[in-house]
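Here, residue 1 is the first one in the sequence, and each next residue gets the next number. Keep in mind the model is a prediction, meaning the values are calculated, not measured.
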Amino acid sequence: MFGRGSRAESRRIADVLRTETIGGALLLAGALLGLVWANSPWGGAYEALRSFRIGPAALHLDLSLAAWAADGLLAIFFFVAGLELKREFTAGDLRDPRRAAVPVAAAMGGVLVPAVAYLVTTSVAGAADAARGWAIPTATDIAFALAVLAVIGRHLPAALRTFLLTLAVVDDLLAIVIIAVFYTERLAPLPLLGAAVPLAVFALLVRRDVRAWWLLLPLAALTWALVHASGVHATVAGVLLAFTVPTSSSGRRAGATAPAEHFEHRFRPLSAGVAVPVFAFLSAGVAIGGPDGLVRTMADPVALGVAAGLIVGKPLGVMAATWLVSRFTHAELDESLAWVDVLGLALLAGIGFTVSLLIGELAFGAGSQGDAHVKIAVLAGSLTAALLAAVVLRLRDNVYRRIEREQAPSGPS
């Protein structure tokens with residue numbers, strides 16, 4: 001029944017899910033489905049689905065489906081992001097400090113300035129209690145941003161994608177640190193120390209090039225459960241596990257695919273095809289209340305702060321940091337890029353979707369009015385950033401396409 005043909009079909013589907021455009025499309029489809037359902041006459045059924053609880057209560061894992069998506073499925077997403085981050089630091093562009101300096105600085109500026117923009121906006125509006133959401137507009141969604149770039153930028157320089165990938169990966173690392181440090185309300189030291197045991201065994205096995213899922217998966221699940229019990233957000237476990245995976249093969253498997261590349265190849269389809277779209281579906285659904293509800297929401301200082309951070313703070317921070325590092329250090333912008341290209345990329349960095357929604361839930365509590373307003377603002381801000389970036393990058397794509405045609409050798413007369 002499950003013969004060679006079905007295995008080949010499974011591999012084909014997995015290869016499709018690894019492409020950036022498909023992953024971004026599934027993410028968008030999940031968010032739209034949740035949003036439409038939440039605003040339909042059957043919105044009550046959507047809320048009942050989100051709040052449906054499942055899991056062993058004895059292990060303190062009797063969680064709602066929405067919590068499982070945020071704590072469990074996103075751990076897979078962060079595991080893949082962690083693998084990519086480690087590979088960039090050890091074998092990719094981040095290995096060379098001079099090449100990495102510009103996008104790393106851009107990522108830092110893209111975290112700092114949106115946070116300031118959020119705090120200034122909410123402070124001017126007189127909402128001092130909104131300060132807890134300062135980190136919401138600091139994250140760039142890798143899947144969504146790369147998907148938009150892949151669709152509209154077929155002729156743009158390859159350096160632009162590398163810049164965006166590096167920026168988004170470092171952005172994710174900063175987001176993980178922010179979640180662990182600023183959004184951990186209670187800390188239970190014993191479970192956190194206990195998580196070090198299965199994590200160490202997992203690290204030992206992967207360093208010996210062990211790839212048997214029946215050995216590694218239980219250790220990963222135990223690490224995740226203990227981190228979850230400690231009070232630190234469970235997605236951090238995904239990054240910790242990823243950082244233990246070597247980026248080069250051991251001598252015993254000379255010529256084989258490195259463990260980090262192997263696991264990324266295996267888990268990316270699960271992350272792009274299941275984890276992120278399901279999280280988006282269960283998190284993005286919020287009852288807007290029609291045009292009047294949308295107007296009331298966008299009048300909320302929290303929503304205004306999020307939108308200001310994504311649409312204004314992100315591009316301003318990325319551009320300013322890029323210019324400062326290029327101007328006052330030995331680091332240089334890639335010679336194939338123009339500053340208008342960087343502007344388009346900076347606008348694209350304002351797509352803060354997956355991690356922004358997660359931080360919104362952590363900051364204001366899942367299901368609260370503040371969380372609902374954050375979701376609407378993140379959706380509106382990300383969509384606006386994507387449209388603005390699409391306009392700039394599409395114009396640049398046309399320029400590069402014209403240059404390619406002019407430089408192409410003419411055929412025989």
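- Using the six-membered ring where Trp is involved, Trp323 and Phe328 have ring planes that are perpendicular, over 60° apart on the 30 and 60° scheme.
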Inset, instruction - Check the pair Thr257 / His265 against side-chain contact (heavy atoms from CB on, under 4.5 Å), numbers first and verdict last. - result: CA-CA 10 Å; Thr257 304; His265 188 76; over 6 Å; no
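- A heavy-atom distance below 4.5 Å is not found between the side chains of Arg132 and Phe182.
- In terms of heavy-atom proximity, Thr122 sits nearest to Leu119 at OG1-O, 3.2 Å.
- Residues meeting the ring-ring contact (aromatic ring centres under 6.0 Å, His included) test with Phe364, sequence neighbours left out: none.
- Residues satisfying the ring-ring contact (aromatic ring centres under 6.0 Å, His included) test with Phe78, not counting sequence neighbours, are none.
- Under a cut-off of 6.0 angstrom, the local environment of CD in Glu335 is sparse, with at most 12 non-hydrogen atoms contributed by other residues, nucleotides or ligands.
- Between Phe263 and Leu216, some side-chain heavy-atom pair lies under the 4.5 Å cut-off.
- Heavy-atom minimum distance, Ala386 versus Ile351: CB-CD1, 3.7 Å.
- Residue pairs meeting the salt bridge (charged side-chain N to carboxylate O under 4.0 Å, His left out) criterion with at least one member in residues 275-299, sequence neighbours excluded, do not occur.
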Inset, instruction - Apply side-chain contact (heavy atoms from CB on, under 4.5 Å) to Leu241 and Val245, showing your working. - result: CA-CA 7 Å; Leu241 289 164; Val245 181; over 6 Å; no
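- Going from atom OG1 of Thr244 over to atom CG of Leu219 covers 10.0 Å, rounded to the nearest 0.5 Å.
- Phe279 pairs by the ring-ring contact (aromatic ring centres under 6.0 Å, His included) definition with nothing, not counting sequence neighbours.
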Compile the donor-acceptor pairs under 3.5 Å between side chains in residues 297-309 and protein atoms, sequence neighbours left out, one pair per line.
from	atom 1	to	atom 2	distance (Å)
Thr297	OG1	Gly293	O	2.9
Asp300	OD1	Val302	N	3.1
Asp300	OD2	His373	ND1	2.5

With a 3.5 Å cut-off and sequence neighbours excluded, list the donor-acceptor pairs that the side chains of residues 195-206 form with protein atoms.
none

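- Checked against ring-ring contact (aromatic ring centres under 6.0 Å, His included), Phe243 has no partners two or more places apart in sequence or in another chain.
- Nearest heavy-atom pair across Leu26 and Gly273 is CD1-CA, 3.8 Å.
- Comment: Glu47 engages Arg50 in a salt bridge, judged by a side-chain N to carboxylate O separation of less than 4.0 angstrom.
- Rounding to the nearest 0.5 Å gives a distance of 12.5 Å between CZ of Arg266 and CD of Glu261.
- Between the side chain of Asp141 and the main chain of Thr354, a donor-acceptor pair closer than 3.5 Å is present.
- Here Tyr118 contributes atom OH and Thr121 contributes atom OG1; the two are 9.5 Å apart, rounded to the nearest 0.5 Å.
- Within the structure, every pair that satisfies the ring pair (Phe, Tyr, Trp, His ring centres under 6.0 Å) test and touches residues 341-361, not counting sequence neighbours, is listed here: Phe144-Phe353.
- Annotation: Leu324, atom CG; neighbour count of heavy atoms from other residues, nucleotides and ligands within 6.0 Å is above 12.
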Inset, instruction - Could you give me the CA-CA distance, side-chain angles and deciding distance for Val399 and Ile403, then say whether side-chain contact (heavy atoms from CB on, under 4.5 Å) is met? - result: CA-CA 6 Å; Val399 171; Ile403 293 173; 4.0 Å; yes
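- Atoms CG and CG, on Leu165 and Leu160 in that order, are 11.5 Å from each other to the nearest 0.5 Å.
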Inset, instruction - For the pair Tyr46 and Phe281, evaluate side-chain contact (heavy atoms from CB on, under 4.5 Å) and give the outcome as yes or no after the intermediate values. - result: CA-CA 10 Å; Tyr46 174 80; Phe281 167 68; 4.0 Å; yes
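- For the atom pair CG of Asp171 and CE of Met108, the computed distance is 11.5 Å after rounding to the nearest 0.5 Å.
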Inset, instruction - Take Asp397 and Arg401 through the salt bridge (Lys or Arg N to Asp or Glu O under 4.0 Å) test and state the conclusion after the steps. - result: CA-CA 6 Å; Asp397 188 71; Arg401 180 171 55 184; 5.2 Å; no
Inset, instruction - Determine, step by step, whether Thr247 and Lys86 satisfy the side chain to side chain donor-acceptor pair (under 3.5 Å) criterion, reporting the C-alpha distance in whole Å, the side-chain angles of both residues, the deciding distance to 0.1 Å, and the verdict. - result: CA-CA 8 Å; Thr247 56; Lys86 183 173 182 180; 5.9 Å; no
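- When all heavy atoms of His233 and Val227 are compared, the closest pair comes out as O-CG1, 3.9 Å.
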Show which side-chain atoms of residues 336-348 pair as donor or acceptor with protein atoms under 3.5 Å away, not counting sequence neighbours.
from	atom 1	to	atom 2	distance (Å)
Ser336	OG	Asp334	OD1	2.6
Asp341	OD1	Arg396	NE	2.7
Asp341	OD2	Ala338	N	2.9
Asp341	OD2	Tyr400	OH	2.5

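- Partners of Asp129 according to the side chain to side chain donor-acceptor pair (under 3.5 Å) rule, which considers only residues two or more places apart in sequence or in another chain, do not exist here.
- With hydrogens and angles ignored, the 3.5 Å screen pairs no side-chain donor or acceptor of Thr138 with any backbone N or O of Val111.
- Counting all heavy atoms, side chain and backbone alike, Leu379 lies closest to Ala284 at CD1-O, 4.0 Å.
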Under 3.5 Å, sequence neighbours excluded: what are the donor-acceptor pairs made by side chains of residues 29-39?
from	atom 1	to	atom 2	distance (Å)
Trp37	NE1	Trp42	O	3.0
Asn39	OD1	Ile288	N	2.7
Asn39	ND2	Leu35	O	2.7
Asn39	ND2	Val286	O	2.9

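- In this structure, the side chain of Ser356 does not engage the main chain of Pro137 through any donor-acceptor pair within 3.5 Å.
- Going from atom CG of Leu240 over to atom CD1 of Ile176 covers 9.0 Å, rounded to the nearest 0.5 Å.
- Residues satisfying the side chain to side chain donor-acceptor pair (under 3.5 Å) test with Ser283, not counting sequence neighbours, are Glu361.
- Nearest heavy-atom pair, Ile311 versus Gly381, reported as atom, atom and distance to 0.1 Å: CG1-O, 3.8 Å.
- In this structure a side-chain-to-backbone donor-acceptor pair under 3.5 Å is missing from Trp68 to Gly55.
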